[in-house]
Asks: 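Provided herewith is a single structure, encoded as structure tokens, for subsequent inquiry.
These figures come from a predicted structure and were not determined experimentally.
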Amino acid sequence: MRPALKVAALTALLVKFEYSSALIQFRHASHSFQLVPRSTSSILGAQSPSGLDSDALFKSPADLSSDEVFVSRSEPTKPAKQTSKRSMLKFALPALGIYLSNPLLSNIDNAFVGKLVGTKGLAALSPATLCIDQMLYLFTFLSRATTGLVASAYGATAESSEGNVDAAREAAAAPLTVSLMAGVVLCLFYAVGTPSLLSSLNVHPSLRQSATSYIHWRGAISSFALAQSICLSVLMATRDVMTPLKIVALASVLNIIGDALLCAWPLRMGVTGAAIATAAATVFSSLVMMKSLHTKRLLPKLRLPQKNEFMSLLSYTGPLLAVTLTRLGGLVAMQTSAMALGVQPLAAYQLCLNLLVFFLLFGEPLSQLSQTQLPPLLDKGDSETIRGNLKSVGVLAVITALGIGATTVSAINFGSGWFTSDPAVQLLAKQAALSVFLAVTASILSVAADGAMLASRDFGFLLTMGMGTFLPQFLLLKTRCDSLSFVFGTFTMRLGMYFVAALARVLLGYGPLGRAVRPELAARRRISKGFETK
């Protein structure tokens, strides 16, 4: 009875000192007790576990840290089942097919345009895709927020893939509505602002007509493109990767058929034909995904977000928008630097960039693994399972980065002739191959780390590193850029700095994820800080 009496005494003491808002649970584990801090981040679904020893139990409330606390005691339970590498691959491989579809189709567009239109057509695609794809990338914070919100609401575990469908549907309502509204705004922006946009990018006058046509056709279906990304995030957050893979595969086939009919024979519309084919495939994919969500009872009703939903979405979108802006700024700086080198270097840059984007997406399924699996584990404070999942993802990321990096070099050296018949453009691309290899390797590692940081909602770190890595990249591009290798080298530098900083943060026990992985270090710092305060 002594342990029970001690717990009762402590409970009364906590109430006396106005700790009634703390959550009191009971956990019995080898007749010891554990004191766990409950920080304000738990309101957002990210609870950081504590490593305080059992002696802390008998301290008075005045000696405790300023965090709210709860005492937990329960019957011994089996540790949560860790997701094996095989299970991860069952999720990651179909997800890889989904993420590779868009860049694969972009490269197919490049091949049709480069072969049938020539170097100028390929060069025109560079600013056009920048204005479309990178502007849509600006809104990826919505799809990433959707993944986190829906995964937490759905609450599936490694033991069972079944979750709360109603909660997931409600969690997706606000992001889907906002994405459609944002798409309408983008459509209007492209309709009236494209000439000014191309002028601000200093696009060569001979390329503007083709670029404008491409932007107008792709921009007209912005709402469908953004809605597609939200639907995809909902399906993947509920552990369904096969349905979107089938839809995306079918849409890809339609896009290729459209490229053949509109770019080649019989219409020969060039850049405009490539844009129409891509736009039609996007509309088809978006509508079929919505139908699939409706079948699974996951399609939310369109409505304005309520206050609590808006605040929950804002907790993601505000920081993520700022982070996305810094990353987009780096890509724009790379684009403008490549344009300053001339038409042929710009065409070579477009070729290399599309291969870079295509191959770096091999890391995106690893990011999705963390974003879908870590939030429930962080809510529970399951340090052991979190460490196991991170280790598995890390091993897969290193193997993937090296293998795909080597594949990228081979694609540039032996496949550049598929995209352009200009020997000068092919030579420039081959000269930048090593730099692109390093960029792809760093990208896959940083994308995998990015998923873990997003899952733990460590937005302060993401924003700090976003600004801290963007500024040196921007300054280098503006002051010393003289080749494509240098352009991609700044990209490698930026992502390498981010990956090293993220890894160090976790291993040293800082941030929500670091405190979950290394709770003993976090607890030691809290205790040391308490002594310094006294």
Side-chain angles (χ1 to χ4, degrees), residues 99-114 116-117 120-140 142-143 179-201 203 207-232 247-248 251-263 267 269-289 324 328 331-332 335 346 350 353-354 357-358 361:
Y99 285 110
L100 291 182
S101 62
N102 281 337
L104 178 61
L105 293 174
S106 294
N107 282 288
I108 292 173
D109 285 349
N110 287 343
F112 274 102
V113 172
L116 299 175
V117 181
K120 284 190 174 181
L122 188 60
L125 281 179
S126 186
T129 54
L130 172 69
C131 295
I132 290 293
D133 293 334
Q134 301 308 323
M135 188 67 76
L136 292 175
Y137 172 77
L138 180 62
F139 289 89
T140 55
L142 284 173
S143 60
S179 70
L180 292 172
M181 295 169 62
V184 172
V185 173
L186 274 181
C187 180
L188 295 174
F189 170 75
Y190 287 129
V192 299
T194 297
S196 299
L197 189 60
L198 293 176
S199 177
S200 66
L201 292 173
V203 177
L207 307 177
R208 292 188 184 183
Q209 182 177 357
S210 295
T212 299
S213 177
Y214 188 92
I215 293 171
H216 281 165
W217 278 102
R218 291 282 309 276
I221 52 95
S222 296
S223 291
F224 289 95
L226 293 177
Q228 178 191 32
S229 67
I230 301 300
C231 295
L232 177 61
I247 296 171
V248 168
S252 300
V253 172
L254 293 177
N255 197 342
I256 294 172
I257 294 173
D259 278 333
L261 294 175
L262 299 173
C263 293
L267 298 178
M269 298 175 66
V271 173
T272 301
I276 295 173
T278 302
T282 301
V283 172
F284 170 83
S285 177
S286 177
L287 292 176
V288 177
M289 281 194 188
T324 304
L328 181 60
L331 292 172
V332 171
Q335 181 80 36
L346 179 59
Q350 174 69 9
L353 181 66
N354 273 301
V357 171
F358 175 77
L361 287 176

Asks: To the nearest 0.5 Å, what is the distance between OG on S179 and CG on L136?
Replies: 11.5 Å

Asks: I'd like to know if the side chain of S285 reaches the main chain of A281, judged simply by a donor and an acceptor atom lying under 3.5 Å from each other, with no hydrogens or angles considered.
Replies: no

Asks: Quick check: do V357 and L353 have side-chain heavy atoms less than 4.5 Å from each other?
Replies: yes

Asks: Working to the nearest 0.5 angstrom, can you tell me the gap between Y190 OH and I221 CD1?
Replies: 10.0 Å

Asks: Tell me the closest heavy-atom pair linking C263 and L116, and the distance in Å.
Replies: O-CD1, 3.5 Å

Asks: Which heavy-atom pair separates A123 from L207 by the least distance, and what is that distance?
Replies: CB-CD1, 4.0 Å

Asks: Do L226 and L186 have side chains that get closer than 4.5 Å, going by heavy atoms?
Replies: yes

Asks: Do S199 side-chain atoms and P195 backbone N/O form a donor-acceptor pair below 3.5 Å?
Replies: no

Asks: If we only count heavy atoms from C-beta on, is the L261 to L267 side-chain gap below 4.5 Å?
Replies: no

Asks: Could you state the interatomic distance from OG1 (T278) to OH (Y214), rounded to the nearest 0.5 Å?
Replies: 4.5 Å

Asks: How long is the straight-line distance from CZ of F224 back to CG of L180, given to the nearest 0.5 Å?
Replies: 9.0 Å

Asks: With heavy-atom distances below 4.5 Å as the criterion, would you say the side chains of L201 and Q335 are in contact?
Replies: no

Asks: Counting only N and O atoms by type, is there a donor-acceptor contact under 3.5 Å from the side chain of S286 to the main-chain atoms of T282?
Replies: no

Asks: Would you give the length of the straight line joining atom OG1 of T129 to atom CD of Q350, rounded to the nearest 0.5 angstrom?
Replies: 4.0 Å

Asks: Grab the two heavy atoms, one from D259 and one from A274, that are nearest each other, plus how far apart they are.
Replies: OD1-CA, 3.5 Å

Asks: Please assess M289 against V248 for the test side-chain contact (heavy atoms from CB on, under 4.5 Å), listing each intermediate value before the final yes or no.
Replies: CA-CA 9 Å; M289 281 194 188; V248 168; 3.7 Å; yes

Asks: Please give me the minimum heavy-atom distance between G270 and V117, naming the atom from each residue.
Replies: CA-CG2, 3.8 Å

Asks: For the pair F189 and L197, evaluate side-chain contact (heavy atoms from CB on, under 4.5 Å) and give the outcome as yes or no after the intermediate values.
Replies: CA-CA 10 Å; F189 170 75; L197 189 60; 4.1 Å; yes

Asks: Between A124 and A211, what is the shortest heavy-atom contact and its length?
Replies: O-CB, 3.8 Å

Asks: Let me confirm one number: the CG-CG distance from D109 to L122, rounded to the nearest 0.5 Å.
Replies: 11.0 Å

Asks: At their closest point, which heavy atom of I132 faces which heavy atom of G219, and how far apart are they?
Replies: CD1-N, 3.6 Å

Asks: Under the side-chain contact (heavy atoms from CB on, under 4.5 Å) rule, what do C131 and L198 come out as? Steps first, then yes or no, please.
Replies: CA-CA 8 Å; C131 295; L198 293 176; 4.1 Å; yes

